[in-house]
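Side chains included, hydrogens not; waters and symmetry mates left out as well; all remaining heavy atoms used. Letters A, B, ... mirror the listed sequences (proteins, then strands); counts begin at 1.
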Number of protein chains: 2
Amino acid sequence: MMNTNRTVVSRRSRPAKEPLSHELIVQTAYRLLKDEGMSGMSMRKVAKALDTGPSSLYVYVKNLQELSAFVLDHGMGELRYPDGAGVPWQERLFDVLTAYLHLLFEHPGLAELALTTLPMGEHSLRLTETILSALAEGGIRTTAAAWGVDLILFYVSSVAFEHVSWKKQGTDQLASIKASYQSADPARYPQITALGETLFSGDTSTQDRFRWGLQVILQGILQTQNEKGAEHHERQNGS
Amino acid sequence: MMNTNRTVVSRRSRPAKEPLSHELIVQTAYRLLKDEGMSGMSMRKVAKALDTGPSSLYVYVKNLQELSAFVLDHGMGELRYPDGAGVPWQERLFDVLTAYLHLLFEHPGLAELALTTLPMGEHSLRLTETILSALAEGGIRTTAAAWGVDLILFYVSSVAFEHVSWKKQGTDQLASIKASYQSADPARYPQITALGETLFSGDTSTQDRFRWGLQVILQGILQTQNEKGAEHHERQNGS
DNA sequence: ACCTGAACACCGTTCAAGT
DNA sequence: ACCTGAACACCGTTCAAGT
């Protein structure tokens with residue numbers, strides 16, 4: 001009895017339950033995402049991991065979509081930026097994006113999020129800024145730069161997502177898609193038939209393919225910006 | 001009593017319930033997807049629309065993912081291919097992809113599916129074949145063509161998906177993302193600050209932007225294929 | 001071979017009630 | 001201001017039982 005009334009001591013000891021907070025919720029959700037993938041990050045599971053009910057989360061987070069946006073940004077905070085001092089802009093860009101790709105590879109759930117969610121927070125700002133500054137050094141600015149960042153980030157996400165899909169999707173599903181391509185009527189689908197195995201390089205040489213795609217996008221932007229970009233600009237100014 | 005035993009007549013009348021079939025299930029799912037979006041296409045809702053229980057569907061379809069793949073292909077069957085006779089390959093390609101983009105715009109659910117699902121069926125074969133043959137006419141073949149189709153299709157899907165997200169996402173969410181970009185510390189994020197409004201052209205001029213991206217990809221492939229492509233090939237052959 | 005009912009193990013979100 | 005319990009309206013998938 002006496003002891004029961006004297007639990008004041010426990011005030012300074014670690015409380016049985018850490019109080020909730022925006023940060024704690026995002027961290028917990030991210031841990032679940034890393035450990036169990038996209039389906040591990042549900043409002044209910046996050047709540048359970050925090051030893052509370054799902055409704056408690058709604059004080060700190062508007063809904064699952066908003067939480068996802070924060071978790072994605074939190075994950076991007078794990079990106080370690082390679083030292084770009086003295087490195088040419090194209091290579092610098094390639095290095096950062098490769099690091100980002102690897103981060104998404106390591107955490108498949110993050111790759112899924114990246115494709116479908118607009119991140120919210122400082123870490124996505126930093127990545128965008130880094131890409132923009134590399135592009136600017138390459139002479140890519142204004143509209144071309146704005147659209148370029150978008151295209152580039154989407155490209156990285158899509159490569160990561162495709163890679164993850166390949167691993168996750170039941171082997172049967174992939175086998176039957178592959179089969180349908182390989183048994184395509186040569187008369188109706190000559191190009192597909194001619195390509196044969198080449199069409200299924202989704203699994204092989206991800207590295208080469210990733211590099212190729214970035215090369216394509218950068219070369220394309222450099223080539224295009226002084227045509228369409230200028231044309232667009234002229235139209236805007238009416239000059 | 002007598003009448004009850006003589007229901008043989010109804011054999012030739014339309015049965016109360018159409019029998020299930022793979023086709024019917026896919027059609028029903030597609031209708032739900034068109035009418036109610038991605039969340040309208042659940043196993044349970046498809047079953048209910050067919051006046052049966054969800055377990056009945058599993059005779060014809062392995063799971064939701066497989067059904068999605070078939071529904072996506074079914075939707076691609078609505079694509080009307082523009083007449084490409086006498087049209088230069090780049091323009092032909094642009095026309096087909098624009099038609100595809102519009103199809104995805106009309107049916108937002110389809111856009112969501114397109115980004116996350118590998119389609120299964122003849123209609124996706126046809127689109128791939130069409131793109132490949134245009135690329136081939138432009139001199140783009142083998143690895144560059146295979147990777148190119150992939151890149152192009154992903155690009156179209158991503159533009160459609162982004163467009164859909166913009167409309168669907170709560171205005172609040174978008175407003176706060178926009179705000180975080182606009183209130184970014186100019187010292188730390190000079191490029192972002194400099195771009196200002198330009199970064200948020202996601203809503204404006206989708207047409208220009210789409211055209212720009214395709215131009216970038218095609219120009220990029222044309223530029224890149226005789227560098228990296230050849231290099232890759234040499235490495236493979238060890239010569 | 002196909003269909004059904006019922007169950008299992010989950011979801012996101014809301015809301016009245018408590019502190 | 002924060003937390004809780006309970007409810008609402010859903011999910012995908014499986015499985016024994018029927019025809």
Side-chain angles (χ1 to χ4, degrees), chain A residues 7-8 10-11 15-26 28-30 32-33 35-72 109 112-113 116-117 165 168-170 172-173, chain B residues 7-8 10-11 15-26 28-30 32-33 35-72 109 112-113 116-117 165 168-170 172-173:
Chain A
T7 36
V8 195
S10 67
R11 280 245 220 124
K17 251 162 74 174
E18 283 190 89
L20 286 181
S21 76
H22 185 96
E23 251 305 286
L24 187 61
I25 288 170
V26 172
T28 307
Y30 182 58
L32 284 168
L33 184 77
D35 294 351
E36 302 172 36
M38 188 96 184
S39 70
M41 196 196 72
S42 72
M43 296 298 271
R44 293 186 107 102
K45 279 178 186 161
V46 171
K48 186 167 279 173
L50 289 166
D51 196 29
T52 183
S55 51
S56 305
L57 307 181
Y58 287 83
V59 179
Y60 302 95
V61 130
K62 230 179 74 98
N63 51 33
L64 179 64
Q65 190 162 195
E66 200 195 79
L67 176 59
S68 301
F70 285 123
V71 169
L72 176 55
E112 274 180 85
L113 263 193
T116 54
T117 306
S165 289
K168 224 186 59 170
Q169 203 133 172
D172 338 323
Q173 210 110 323
Chain B
T7 36
V8 195
S10 66
R11 278 246 222 126
K17 250 164 71 174
E18 284 190 88
L20 286 181
S21 74
H22 184 97
E23 251 306 287
L24 186 61
I25 289 171
V26 171
T28 307
Y30 182 58
L32 284 168
L33 184 77
D35 294 351
E36 301 171 36
M38 188 98 185
S39 71
M41 195 196 72
S42 73
M43 296 298 271
R44 293 184 107 104
K45 278 178 185 160
V46 171
K48 187 167 277 173
L50 289 166
D51 196 28
T52 182
S55 50
S56 304
L57 307 180
Y58 286 85
V59 179
Y60 301 94
V61 130
K62 229 178 74 96
N63 51 34
L64 179 65
Q65 190 163 194
E66 200 195 78
L67 177 59
S68 301
F70 285 122
V71 169
L72 175 55
E112 275 179 84
L113 263 192
T116 54
T117 306
S165 289
K168 224 185 58 169
Q169 204 131 172
D172 339 321
Q173 209 109 324

Is any side-chain heavy atom of B/L20 less than 4.5 Å from a side-chain heavy atom of B/V59?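 No; the side chains remain at least 4.5 Å from each other.
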Output the rounded distance in Å from [atom1] ([X]) to [atom2] ([N]).
X     : N      : atom1 : atom2 : value
B/I25 : C/dC2  : CD1   : P     : 11 Å
B/D51 : C/dC3  : CG    : P     : 12 Å
B/L64 : D/dC11 : CG    : P     : 11 Å
B/L57 : D/dC11 : CG    : C1'   : 14 Å
A/H22 : D/dC2  : NE2   : P     : 14 Å
A/Y58 : D/dG5  : OH    : C1'   : 15 Å
B/M38 : D/dC11 : CE    : C1'   : 13 Å
B/M43 : D/dC10 : CE    : P     : 18 Å

Under 4.0 Å, counting only non-hydrogen atoms across every strand here, what does A/K45 touch: a base, just sugar-phosphate, or nothing?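 It contacts sugar-phosphate atoms only.
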Using a heavy-atom cut-off of 4.0 Å across all strands, would you classify B/S42 as base, sugar-phosphate, or nothing?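 Answer is sugar-phosphate: B/S42 comes under 4.0 Å of backbone atoms only.
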Could you tell me which non-hydrogen atom of [X] sits nearest to which non-hydrogen atom of [Y], and how far apart they are?
X     : Y     : value
B/E66 : B/V61 : OE1-CA, 3.7 Å
A/L32 : A/A49 : CD1-CB, 4.3 Å
A/H22 : A/Y60 : ND1-O, 3.2 Å

If you check the A/Y60 side chain, which of D/dC2, D/dT14, C/dT4 turns out closest?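 Selected nucleotide: D/dC2.
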Look at the side chain of A/V59 and decide which nucleotide, out of D/dC2, C/dT13, C/dC3, has an atom nearest to it.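 Among the listed nucleotides, the one closest to the side chain of A/V59 is D/dC2.
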Using Watson-Crick or G-U wobble geometry with both distances under 3.5 Å, which nucleotide pairs with C/dT13?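 Pairing partner, where one exists within any strand: D/dA7.
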Name the pairing partner of C/dT19, where a pair is Watson-Crick or G-U wobble with both distances under 3.5 Å, or state none.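 D/dA1 is the nucleotide pairing with C/dT19.
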Distance between P atoms of C/dA9 and D/dC8 (Å, rounded):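 22 Å, rounded to whole Å.
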C/dT4 phosphate, OP1 or OP2, under 4.0 Å from B/S56 side-chain N/O: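 Answer is yes, contact under 4.0 Å.
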Pick the closest DNA chain C nucleotide for A/S39 and for A/S55 by heavy atoms, then say which residue is nearer the 5' end.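 This one resolves to A/S39.
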Verdict with reasoning, A/L113 to A/M38, per side-chain contact (heavy atoms from CB on, under 4.5 Å): CA-CA 8 Å; A/L113 263 193; A/M38 188 96 184; 3.7 Å; yes
A/G53 or A/R44: which one's nearest nucleotide on DNA chain D is closer to the 5' end?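 Counting from the 5' end, the first nearest nucleotide belongs to A/G53.
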